[in-house]
Number of protein chains: 2
Amino acid sequence: MDATAPQSPAGLRTTPSWLLNQAATHAGRLISAGFAVHDLRGYHYRLLAALAESGPASQADLGRRCAIDRSDVVAAVNDLTGRGLVVRAPDPADRRRNVISLTEAGADEAHRMADTVARVQDDLLAPLSSAERDQLTRLLTRLLEHHSGH
Amino acid sequence: MDATAPQSPAGLRTTPSWLLNQAATHAGRLISAGFAVHDLRGYHYRLLAALAESGPASQADLGRRCAIDRSDVVAAVNDLTGRGLVVRAPDPADRRRNVISLTEAGADEAHRMADTVARVQDDLLAPLSSAERDQLTRLLTRLLEHHSGH
DNA sequence: TCAGAACGTTGGCTTCACCAACGTTGGTAG
DNA sequence: CTACCAACGTTGGTGAAGCCAACGTTCTGA
């Protein structure tokens with residue numbers, strides 16, 4: 001992003017979807033920079049976080065929880081197994097499923113990435129007071145609940 | 001997005017950068033659907049909006065104002081000229097530059113797209129009161145100002 | 001005047017979000 | 001029990017969006 005950007009058109013600048021887009025883009029830059037240190041990307045973190053929090057799960061379940069398409073879960077899990085962060089095993093109780101579990105290294109990495117993410121939040125929300133951060137979080141949460149709870 | 005998504009990990013669900021990402025993704029889906037009717041995409045709208053608001057400009061200027069890379073401006077302007085929405089002319093005062101101007105059809109399309117965008121905002125912000133919408137807008141604006149004003 | 005900056009352009013890359021199709025396996029209605 | 005349909009993992013592909021490096025041309029400032 002050009003720091004020296006002339007004022008963008010008001011037609012964009014005052015449009016919530018534009019603001020969301022730009023704020024998310026910027027957050028994404030910070031997050032990506034943080035993840036680069038771990039040599040991992042967004043999909044990887046989402047999966048590790050889900051596994052660290054709720055334990056082993058099928059790929060389909062992970063996809064639903066992390067908002068990642070089934071086919072993209074395959075590739076990301078491949079990456080993670082290749083790095084020894086995760087193990088893929090057939091589910092004896094349902095032979096359609098694979099059970100994905102964290103290895104010890106995976107659990108460690110999940111913690112480290114969570115720390116990185118936490119630092120990025122502070123960076124991202126620097127200009128806001130703690131009350132304002134809560135406000136923003138609540139507004140966004142309501143938005144998402146409305147649009148997913150249908 | 002799966003409407004039936006089981007609860008995502010709290011480690012994500014309560015993280016502002018995740019909320020921003022998801023909200024922006026959803027907004028993007030609504031916006032894209034709206035733009036599909038016009039057979040145009042996000043970059044096209046940004047450029048048309050900037051031109052409609054501030055008049056003719058060089059490609060580099062447009063790129064800075066719309067947060068689009070120089071090289072991507074080239075392609076988008078090519079598209080727009082191909083549709084007769086925009087004209088590209090060399091700047092006699094600075095032969096490095098091209099001056100991009102809206103045609104009449106381009107100005108019309110800019111208005112129609114602005115209407116589409118306005119409708120999408122209402123859809124997107126449906127769950128929020130007008131005061132809350134202002135709050136959200138202000139918080140996001142402050143975030144962006146902080147991170148671009150450096 | 002001459003070095004460096006700005007401009008437009010080409011070509012390439014990565015991430016993320018999707019979609020369609022297939023074979024395999026489970027569950028269920030008849 | 002069988003037929004049918006749903007769910008799962010997988011492959012392969014698409015497109016938008018955001019970037020970066022390099023080049024030749026043109027302008028500008030020291």
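Hydrogens, waters and symmetry mates are skipped; everything else that's a heavy atom, side chains included, is used. Labels below follow one simple rule: chain letters A, B, ... track the order of the sequence lines, proteins then strands, and each chain is numbered from 1.
Per the geometry, CD1 belonging to Ile31(B) stands 17 Å off P belonging to dA17(C), to the nearest Å. Protein atom CZ of Arg95(A) is 15 Å distant from nucleotide atom C1' of dA7(D), rounded to whole Å. Asp91(A) places its CG atom 14 Å from the C1' atom of dT24(C), with the value rounded to the nearest Å. Distance, Asp94(A) CG to dT28(C) P: 12 Å, rounded to whole Å. Look at CZ on Arg41(A): it is 21 Å from P on dA17(D), rounded to the nearest Å. For the pair Leu47(A) CG and dG9(D) C1', the interatomic distance rounds to 14 Å; values are reported in whole Å. Taking atom CG of Asn21(B) as the reference point, atom C1' of dA16(D) lies 15 Å away to the nearest angstrom. Distance, His26(A) NE2 to dG18(D) P: 14 Å, rounded to whole Å.
Arg83(B) and Glu109(B) are not joined by a salt bridge, as no carboxylate oxygen comes within less than 4.0 angstrom of a charged side-chain nitrogen.
Of the listed nucleotides (dC7(C), dC8(D), dG9(D)), dC8(D) has the atom at the smallest distance from the side chain of Arg64(A). When distances run from any side-chain atom of Arg96(B) to the nucleotides dA6(C), dC20(D), dC19(C), the shortest one goes to dA6(C). When distances are taken from the side chain of Arg97(B) to each of dG8(C), dG9(D), dT10(C), the shortest belongs to dG8(C). Closest to the side chain of Arg46(A), out of dT10(D), dT9(C), dC16(C), is dC16(C). Side chain of Arg88(B), nearest nucleotide from dG8(C), dT10(D), dT9(C): dT9(C). Of the listed nucleotides (dG18(D), dG9(D), dT9(C)), dG18(D) has the atom at the smallest distance from the side chain of Gln22(A). When distances run from any side-chain atom of Val74(B) to the nucleotides dT9(C), dT10(D), dA17(D), the shortest one goes to dT9(C). Between dT9(C), dA17(C), dC7(C), one nucleotide has an atom nearer to the side chain of Asp72(A) than all others, and that is dA17(C).
No continuous path of ILVMFWY side-chain contacts below 4.5 Å connects Val99(B) to Leu51(B), so the two sit in separate hydrophobic clusters.
Using modelled atom types and a 3.5 Å distance limit, the side chains of Ser129(B) and Glu132(B) yield a donor-acceptor pair.
Ser32(A) comes within contact range of no nucleotide atom at all, as no heavy-atom separation falls under 4.0 Å. Nucleic acid contact for Gly42(A): sugar-phosphate only, since backbone atoms but no base atoms lie under 4.0 Å from a heavy atom of the residue. When heavy atoms are screened at a 4.0 angstrom cut-off, Arg70(A) is found touching base atoms of the nucleic acid.
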(request) Evaluate the criterion side chain to side chain donor-acceptor pair (under 3.5 Å) for residue pair Ser17(B) and Gln121(A); output intermediate values, then yes/no. (result) CA-CA 7 Å; Ser17(B) 65; Gln121(A) 306 309 306; 2.8 Å; yes
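For the pair Gln59(A) and dA7(D), the criterion of a side-chain N or O lying under 4.0 Å from OP1 or OP2 is not met.
Taking only distance into account, the side chain of Ser71(B) meets the base of dC20(D) through a donor-acceptor pair shorter than 3.5 Å. Donor-acceptor pairing under 3.5 Å, judged by distance alone, is absent between the side chain of Thr25(B) and the base of dC16(C).
Both Asp69(B) and Val99(A) lie close to DNA chain D; mapped to their nearest nucleotides by heavy-atom distance, the more 5′-ward contact belongs to Val99(A).
Around atom NE2 of His111(A), no more than 12 heavy atoms belonging to other residues, nucleotides or ligands sit under 6.0 Å away.
Using a 4.5 Å heavy-atom threshold, the side chains of Leu128(B) and Leu139(A) count as touching.
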